[in-house]
Each structure stands twice: as C-alpha cells, then as structure tokens.
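First the proteins, then the strands, lettered A, B, ... as listed; each starts at 1. Nothing here was measured: the structure is a model prediction, and the numbers come from that model.
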2 protein chains.
Amino acid sequence: MRDAERSFREFLREKNLKRTPERMAVLRGVLSLDGHFDADQLLERVQSYNKRISRATIYRVLPLLIDSGFVVETLSARGRVSYERSHGSFRHGHMICERCQEVIEFRSERLEELVGEICTAHGFVENEHRLSVRGICKQCTDKKGQE
Amino acid sequence: MRDAERSFREFLREKNLKRTPERMAVLRGVLSLDGHFDADQLLERVQSYNKRISRATIYRVLPLLIDSGFVVETLSARGRVSYERSHGSFRHGHMICERCQEVIEFRSERLEELVGEICTAHGFVENEHRLSVRGICKQCTDKKGQE
DNA sequence: CCCTAATTGAGATTGATTCTCAGTCTCATC
DNA sequence: GATGAGACTGAGAATCAATCTCAATTAGGG
C-alpha cells in the first residue's frame, strides 16, 4: 500500500502530472477492492473516503492506473468492460461459464512461463496478460446431465 | 460456409428459435469478415446484402452467434469491446501494444494443450479461449531506444 | 506567498447498446 | 397449400456508460 502510493507518485512525476488527493483516493479505492469491479463500484468506494469526488474523476484516473499497471481491463459477462486490480494480486486466468456466467479464477505457473517465452520470441515486452476461457463449468455440466 | 450455415441452423433449432433471412445474413456477414470488427462494420457488411436489415437486428443476432461459438468478444484498445469470428479461424492470442495500440496475433500449439489440461483439471468444458498480453511491441521498444 | 497551468465537480453531451411496439414472417398443424 | 400463434423485425425512442465542457479550485515551482 505504501509501496503502491510511492510507485504511483513516481509515475505521476514522470508524466508531469500532479499528485492530487483525488488521484490518491482513487488509487486507494482500487487497492481496497479485491477482484473485479466497475467504475460505479469504484466510485462508491472512493466516495466513502471523500464524498466530493466525482464520477468524472474516476474516469479520468482509471486510464492513469491502467498505464501505471495498477489496473487491467477485463471482459466480464455480456460484453461489459470491467476492471481489476493487477498490482499485488497474483496473475491468473478466468474461466467464464456461458450458462451461469460464473467467473472461476485459476492460476498456472507453467502458463506464466509459456507466455513469457512467446513474448520473448516476438520481441514483445510483456506488462500483463489475461487468459479467459469460455465454456461450461462443472456445476452446469453436472446439472445438465441430471435433466 | 455451408457447414457454418448448417451448424447455425442446428443451433437455432435446439434453442427453438426461427431461421430467418436476417439471422442468416448476419451469419454470412460474420463469416465474410476477417479479424476484428465492431457492430458498425458488421452492420455495413450485412446491409450490403440486404439494405433493410437494421442495427437492432445486428445487436440481437450477435449474442446468438456468440452462444453458438461463431463469434467471440474481445477487448480492443481503450476499453472498447469488439468481436471476432472464431469458427474456422485458427485459435490465437493477442499482444496489444500499449504505446501504438497495434494488435499482434500469435499462435501456440503448446498453449492450446496447456489450456486444455487446465480446463480438464477444473472439470470445465472449454468452448473457446483467448489470451491477451499487454505490453510494448518490438517496434516501439526499438523506437524508444533511439530517442 | 504567488502565479500559472493543471485539475476538479457538476452537469451536458455523446455514442453504443437495448428496448418498445406495431407490423411481418416462420413453421407446426391441419 | 392454408392458417394461426407466437416469434421476429425495423424504426426510432430510451437508456446507460463514458467523455467533454467550463468555471472555479488547487498544486507546486519560483
């Protein structure tokens, strides 16, 4: 948390952007939210710190947090974009059930390595990656069998 | 193409949905578009077959094509959702350059296998998967070095 | 401290997606 | 092949997230 703040300040300085209480509050909000969240949920959390922070600020700060690597965009059910904290949370993939819309997270060391190799092979400097698998989860498969 | 039509009809029958010229035209549109496209591009293509087909129909048929596995949603630059044909095109991942927004496609046999293993381990029946990597592409890295 | 440019809040605006509803069409049934 | 019930469609209105505008405020170098 302290580290995150320091690193975000650093990022702002590099970009010649000002360190404002609003920006820091949004960072704090992101760090306090686990898993996926959308702009509204973030706004609500941030407003619990400071009621005056507006929705526009959330949308203005989110790209900064994406650029600085604290947040990644992800695709959630029904084509909506949502956000996810990336710094400090383990990398993982998602399995999205097309029947019940459940999002199951998983993690694989071998996958990380393999992605690293693929990037190296393309001269691409990886910052973050996401794997999402669509299909039918165990529960739904079992349920369907019973019908 | 013939196969795709047959398979989509099959899907419609299973879901008790009607086979309409509009739905088939949207399928045809999707099959004719390579790579990524958005709703507008699809509409334009579909209207080249039949001028009367409306934007609403595009949005109504897209979810059917997603459910039936012909189309997948992907995340393109700046948090916008776009679509991509999936049936008949090789599976692949994306590397998205955060600097120039270029989307580089890649493909890895080992990745396919690994994903299969992960799904099996979770009792998840895979339908489709996407890997997207964010970072900086070779061109941009080189360019930055020169500055 | 002061000044300048960056940043902010509030609300208007935009633009993509979804909804509504009256008219049209599909297809199971005869 | 005709028919009827209900599914489907087009047009445009409605919605909703995201972006923009602008006057007022604030950060932070000098």
| query | If you pin B/R19 and B/A56 to their nearest nucleotides in DNA chain D, which one's is more 5'? | reply | B/R19
| said: Under the rule for salt bridge (charged side-chain N to carboxylate O under 4.0 Å, His left out), what residues qualify as partners of A/D38, not counting sequence neighbours? | reply: none
Give the table of side-chain donor-acceptor pairs shorter than 3.5 Å for residues 11-26 of chain B, with sequence neighbours excluded, one pair per line with atom names and distance.
from  : atom 1 : to    : atom 2 : distance (Å)
B/T20 : OG1    : B/R23 : N      : 3.1
B/R23 : NH1    : B/K18 : O      : 2.8

| query | Rounded to whole angstroms, how far apart are CG on A/L75 and P on C/dT17? | reply | 12 Å
| query | What one-letter contact string describes nucleotides 1-7 of chain C from 5' to 3', where B marks a base within less than 4.0 Å of any protein heavy atom, S marks contact via sugar-phosphate atoms alone, and - marks no contact? | reply | ----BSS
| request: Would you mind reading off the distance between B/Y59 atom OH and C/dT17 atom C1', rounded to a whole angstrom? | output: 5 Å
| A/C140 versus A/C97, closest heavy-atom pair with distance | SG-SG, 3.8 Å
| A/R55: partners by salt bridge (charged side-chain N to carboxylate O under 4.0 Å, His left out), with sequence neighbours left out | A/D40
| remark: In short, A/S108 meets B/I118 closest at the heavy-atom pair CB-CD1, 3.7 Å
| said: Using every non-hydrogen atom in the two residues, find where B/F106 and B/H94 come nearest and quote the distance to one decimal. | reply: CE2-N, 3.6 Å
| Pairs in or reaching into residues 41-62 of chain B: which pass ring-ring contact (aromatic ring centres under 6.0 Å, His included), with residues at least two apart or in two chains? | none
| Contact list for residues 113-124 of chain B, test side chain to side chain donor-acceptor pair (under 3.5 Å), sequence neighbours left out | A/R110-B/E117
| For the pair made of CE in B/M24 and P in D/dC8, what is the distance, rounded to whole Å? | 14 Å
| At how many degrees, to 10°, do the end axes of the helix from C/dC1-D/dG30 to C/dC30-D/dG1 meet when each uses five pairs? | 40°
| task | Using side-chain hydrogen bond (donor to acceptor under 3.5 Å, both in side chains) as the criterion, list what pairs up with B/S82, not counting sequence neighbours. | result | B/T74
| note | Taken to the nearest whole Å, CZ/B/R13 to C1'/D/dA7 is 16 Å
| query | Rounding to a whole Å, what distance do you find between B/L62:CG and D/dT9:P? | reply | 13 Å
| field | Residue pairs, two or more places apart or on separate chains, that pass salt bridge (charged side-chain N to carboxylate O under 4.0 Å, His left out) and touch residues 41-52 of chain B | value | none
| message | Show the nearest heavy-atom pair for residues A/S7 and A/F70, with the distance to one decimal. | response | OG-CZ, 3.5 Å
| message | So if I take residues 36-55 of chain A and measure heavy-atom distances to DNA chain D, which residues fall below 4.0 Å? | response | A/A39
